[in-house]
Amino acid sequence: MRIRRLLACIAALPLVVATGFVLYHRAVASWPESGAAVRARSRPATVLETVDQPSSIATLLQLADADGPVTTAWLRVPHQLELDYEILLTYVGHKTGRKILDLIPERPDVVLMAMQYAAPYRHETWRQQLVLPRVVGATVHDTVAGGMLAVAALERRGFDSSRLTVLGVSLGTFFAVLHGAYDEAVPQVLVVHGGGDIYRVLATMYAGRGKPWTGRLVGLLGHLFLGPFDSLHHVERIAPRSFTMIATRGDGYFPEESARRLYARARAPKAIAWRTGAHVRSKRLDIVEDLVVQIDTYFDGHLQFDESEPRPNP
């Protein structure tokens, strides 16, 4: 009898360790819960690089708080900025870097602040893989905090944050929604080719590569470790500020149901416009050009929505 109990305890030990591992990483998952608090600790940004473009000047800023550097961002300002300007703060990809200055065309009425993600996703050794959830969690926290510090950098330069739109493209959805949800300085959030439900997104990505069972496993692990960051849990906090989606049917990364679930969780005012096509990639210039046209149409006030819920009257 004692031997059986001992064997049962030994057999249960891996399950206990695995459960503790998951609970630990979920417990330490965090994000900045107040844009005002983050900006109160901000320090003036440092210029790391300057690029002259035909109609604007772009500077790579190092954003920092009282504890030191947090992340970087490209700030592009037109030489002749129109009085009725808009500010676009983007979360568009962890490998985009300086290419963002070419992917998003210059406009005389748009100030661009392109966030660079705070840390790399990929770790190769098994020891690094073990701490990957913690690394991704730190990346989410610091990238969103960096976006809040970017708002402070804009205000220091005399720009009006009430003209700000936070844009999340693809996986940038998770950063943009968190930023908009916890920073009341953000008046509007725009999500393109994105959605919610981490399990569904990861499962769809791998299924598109012919690995459905791998997708289910990775989706489950993503849900267990990264579930607290899922946009579904935060998007309703954006209201009463506005939330807009440009969603895609046929998206191989964020399926239609993923976009619908995120839109359903959001509160008014909100609107969604549906398109049909493939998921955006920086190497697919045709898709990028179409995305830019849609964003331009959004800024010009001519985007046609399939569903919308306006701001309720008091």
Side-chain angles (χ1 to χ4, degrees), residues 49 51 53 56 58-61 63 70-77 86-107 110-122 136 139-140 142-151 153-154 164-181 183 186 188-196 201 205 229 231 235 243-248 251-254 258-259 262 273 275 277-299 303:
E49 184 179 352
V51 175
Q53 292 196 283
S56 59
T59 53
L60 180 62
L61 303 179
L63 303 167
V70 175
T71 188
T72 59
W74 280 102
L75 171 63
R76 186 174 69 191
V77 181
E86 301 283 348
I87 303 172
L88 181 64
L89 189 153
T90 67
Y91 297 95
V92 300
H94 72 289
K95 291 183 178 180
T96 308
R98 183 171 168 175
K99 288 190 298 182
I100 190 67
L101 302 179
D102 300 320
L103 294 175
I104 299 182
E106 299 170 89
R107 281 182 53 147
V110 173
V111 174
L112 173 68
M113 179 71 85
M115 302 307 303
Q116 307 296 295
Y117 296 173
Y121 285 113
R122 297 178 183 273
V136 174
T139 299
V140 173
D142 289 350
T143 301
V144 175
M148 296 172 175
L149 293 171
V151 176
L154 288 165
L164 174 67
T165 295
V166 170
L167 168 67
V169 179
S170 186
L171 293 176
T173 296
F174 301 106
F175 300 119
V177 169
L178 279 168
H179 187 172
D183 189 354
V186 176
Q188 48 203 3
V189 175
L190 172 63
V191 167
V192 181
H193 289 217
V201 171
M205 289 171 59
F229 301 115
S231 300
V235 68
F243 176 73
T244 305
M245 293 185 70
I246 301 176
T248 306
D251 193 318
Y253 286 78
F254 286 81
S258 169
L262 183 62
R275 298 291 184 269
H279 190 77
V280 63
R281 294 187 181 92
S282 61
K283 295 181 180 180
R284 286 290 305 273
L285 295 182
D286 56 329
I287 301 176
V288 173
E289 289 172 359
D290 180 65
L291 182 149
V292 170
V293 169
Q294 295 171 33
I295 295 174
D296 283 343
T297 306
Y298 166 84
F299 274 118
L303 186 63

Measure the spacing between [atom1] of [X] and [atom2] of [Y] and express it to the nearest 0.5 Å.
X      : Y      : atom1 : atom2 : answer
Gln294 : Leu190 : CD    : CG    : 9.5 Å
Leu262 : Phe243 : CG    : CZ    : 4.0 Å
Leu167 : Thr244 : CG    : OG1   : 11.0 Å
Leu75  : Thr59  : CG    : OG1   : 4.5 Å
Leu178 : Asp183 : CG    : CG    : 11.5 Å
Leu154 : Ile87  : CG    : CD1   : 5.0 Å

Closest heavy-atom pair and its distance - [X], [Y]:
X      : Y      : result
Leu101 : Ala58  : CD1-CB, 3.8 Å
Gly195 : Thr173 : O-CG2, 3.4 Å
Ser258 : Gly196 : OG-O, 2.5 Å
Phe174 : Phe229 : CD2-O, 3.9 Å
Val92  : Tyr117 : N-OH, 3.5 Å

Just to verify, what does Arg107 make a side-chain hydrogen bond (donor to acceptor under 3.5 Å, both in side chains) with, not counting sequence neighbours?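 Partners of Arg107 under the side-chain hydrogen bond (donor to acceptor under 3.5 Å, both in side chains) test: Asp109, Asp296, Asp300.
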We want to know whether Thr71 and Gln116 form a side-chain donor-acceptor pair, criterion being a heavy-atom distance below 3.5 angstrom.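 No, Gln116 and Thr71 have no side-chain donor paired with an acceptor closer than 3.5 Å.
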Determine whether the side chains of Thr248 and His193 contain a donor N or O and an acceptor N or O closer than 3.5 Å.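 Thr248 vs His193: donor-acceptor pair found between side chains.
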Could you tell me if the side chain of Val169 sits less than 4.5 Å from the side chain of Thr90, heavy atoms only?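 Side chain of Thr90 against side chain of Val169, heavy atoms only: no contact under 4.5 Å found.
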Do Thr165 and Tyr298 come within less than 4.5 Å of each other through their side chains, counting heavy atoms only?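 Side chain of Thr165 against side chain of Tyr298, heavy atoms only: contact under 4.5 Å found.
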Identify, with sequence neighbours excluded, every residue that meets side-chain contact (heavy atoms from CB on, under 4.5 Å) alongside Ala150.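 side-chain contact (heavy atoms from CB on, under 4.5 Å) check on Ala150 returns Leu63, Leu89, Met113, Met115.
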For Ser56, give me all partners under side-chain contact (heavy atoms from CB on, under 4.5 Å), at least two apart in sequence or on another chain.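 Residues passing side-chain contact (heavy atoms from CB on, under 4.5 Å) with Ser56: Gln53, Arg76, Glu106.
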Aromatic plane relationship, Tyr91 with His179 - under 30° parallel, 30 to 60° tilted, over 60° perpendicular: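 His179 and Tyr91: perpendicular rings.
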Applying side-chain contact (heavy atoms from CB on, under 4.5 Å) between Val70 and each of Asp142, Val144, Thr143, report the one that passes.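 Exactly one candidate clears the test, Asp142.
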